[in-house]
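Keep in mind it's a predicted model, so treat the numbers as computed, not measured.
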Amino acid sequence: MQRRERDYRNWKRSNAPYLIAMALAFVMFMVVAPEVNEGKAMEPELYDGDVLVVSKANYNANRKPPEKEAVVIIEKTYAPEVYEDNIMARVAAHPGDTVEIKNGKVLVNGKEYVTQDGIKGAPEDMKKIKLKNDEVFVLCDNREELIDSRNPDMGPVKLNEIKGNVLFRVYPFSDMGFIKVDK
């Protein structure tokens, strides 16, 4: 009996680092995932080829929506006629908000929407819309690109179509760091 206990302790001591590494890897891949940004839609925040870490967040009408200013990833199946890959955009408005674009200004609940980095406006007007309780309005930082809620083929995004939030840039190493969110 003592020999069996000693063998088990020895096995546990020699294999513990591997077991911990496997458990951490499992948790990491269940909670976060890598993603590569493609295109210029999120410039100047994200550039083509940036390697990102994305949280795998599930949203729906019964859960809190992503923070305003959060950069989210929308499943490519949501609007395949808009873009052939996952869409990255910034949350500009929450469920229940009204959004319109008038005279080059994006208005959320009647107030001009400007990101924390000073990005504002949009080139084309859009009629006022009220978001449903399961929708958010997303905008690309590069407003010349129409890969966001302004595109009539996409419109407001259903919360359950959001794949996750962009948390961290891994590459290029010179720009490594957290993605800013205005709270």
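In terms of hydrophobic clustering, with Ile, Leu, Val, Met, Phe, Trp and Tyr side chains grouped at heavy-atom distances under 4.5 Å, Val114 and Leu107 are assigned to different clusters.
Side chain of Glu161 to backbone of Lys158: no donor-acceptor contact under 3.5 angstrom is found. Distance alone, capped at 3.5 Å, places no donor-acceptor pair between the Asp148 side chain and the Ala89 backbone. Side chain of Arg150 to main chain of Glu145: a donor-acceptor pair is present (N/O by atom type, distance under 3.5 Å, no hydrogens or angles). Under a 3.5 Å cut-off, the side chain of Asp50 and the backbone N or O of Tyr47 do form a donor-acceptor pair. Judged by distance alone, the side chain of Asn133 and the main-chain N or O of Gly96 form no donor-acceptor pair under 3.5 Å.
Asn86 is listed as a side-chain neighbour of Glu75, based on a closest heavy-atom distance under 4.5 Å. The shortest distance between side-chain heavy atoms of Ile74 and Met154 falls below 4.5 Å. Contact check for Asn160 versus Asp134: no side-chain heavy atoms found under the 4.5 Å cut-off. Counting heavy atoms from C-beta outward, Val71 and Leu46 have side chains that approach closer than 4.5 Å. Looking at heavy atoms from C-beta onward, Val51 lies out of side-chain contact with Arg169 at the 4.5 angstrom threshold.
Arg143 pairs by the salt bridge (charged side-chain N to carboxylate O under 4.0 Å, His left out) definition with nothing, not counting sequence neighbours.
Evaluated for a side chain to side chain contact (heavy atoms under 4.5 Å, CB included) with Val136, the options Pro65, Ser149, Pro156 yield exactly one hit, Pro65.
Atoms CD1 and CG, on Ile119 and Asp141 in that order, are 3.5 Å from each other to the nearest 0.5 Å. Here Met88 contributes atom CE and Cys140 contributes atom SG; the two are 10.5 Å apart, rounded to the nearest 0.5 Å. Going from atom NZ of Lys163 over to atom CD of Glu35 covers 4.5 Å, rounded to the nearest 0.5 Å. Taking NZ from Lys130 and CG from Asn109, the interatomic distance works out to 7.5 Å, rounded to the nearest 0.5 Å. Taking CD1 from Ile179 and CG from Asn165, the interatomic distance works out to 11.5 Å, rounded to the nearest 0.5 Å. Taken to the nearest 0.5 Å, the NZ atom of Lys64 stands 8.0 Å off from the NE2 atom of His94.
Contact detail for Glu135 and Leu159: the closest heavy-atom pair is N-CG, 4.2 Å. Residue Asn103 comes nearest to Asp125 through the heavy atom pair N-OD1, 3.0 Å, listed as atom of the first residue, atom of the second, then distance.
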Evaluation steps, side chain to side chain contact (heavy atoms under 4.5 Å, CB included), between Asp48 and Glu38: CA-CA 5 Å; Asp48 187 37; Glu38 293 187 15; 4.2 Å; yes
Verdict with reasoning, Met42 to Arg90, per side chain to side chain contact (heavy atoms under 4.5 Å, CB included): CA-CA 8 Å; Met42 283 305 295; Arg90 190 175 300 279; 4.0 Å; yes
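Members clustered with Tyr113: Val99, Ile101, Val106, Val108, Met126, Ile129, Leu131, Phe137, Leu139, by chain and number, using a 4.5 Å side-chain heavy-atom cutoff among hydrophobic residues.
The environment of Phe168 atom CZ is dense: over 12 non-hydrogen atoms of other residues, nucleotides or ligands sit within 6.0 angstrom.
No salt bridge links Lys127 with Glu100; every basic N to acidic carboxylate O contact stays at or beyond 4.0 Å.
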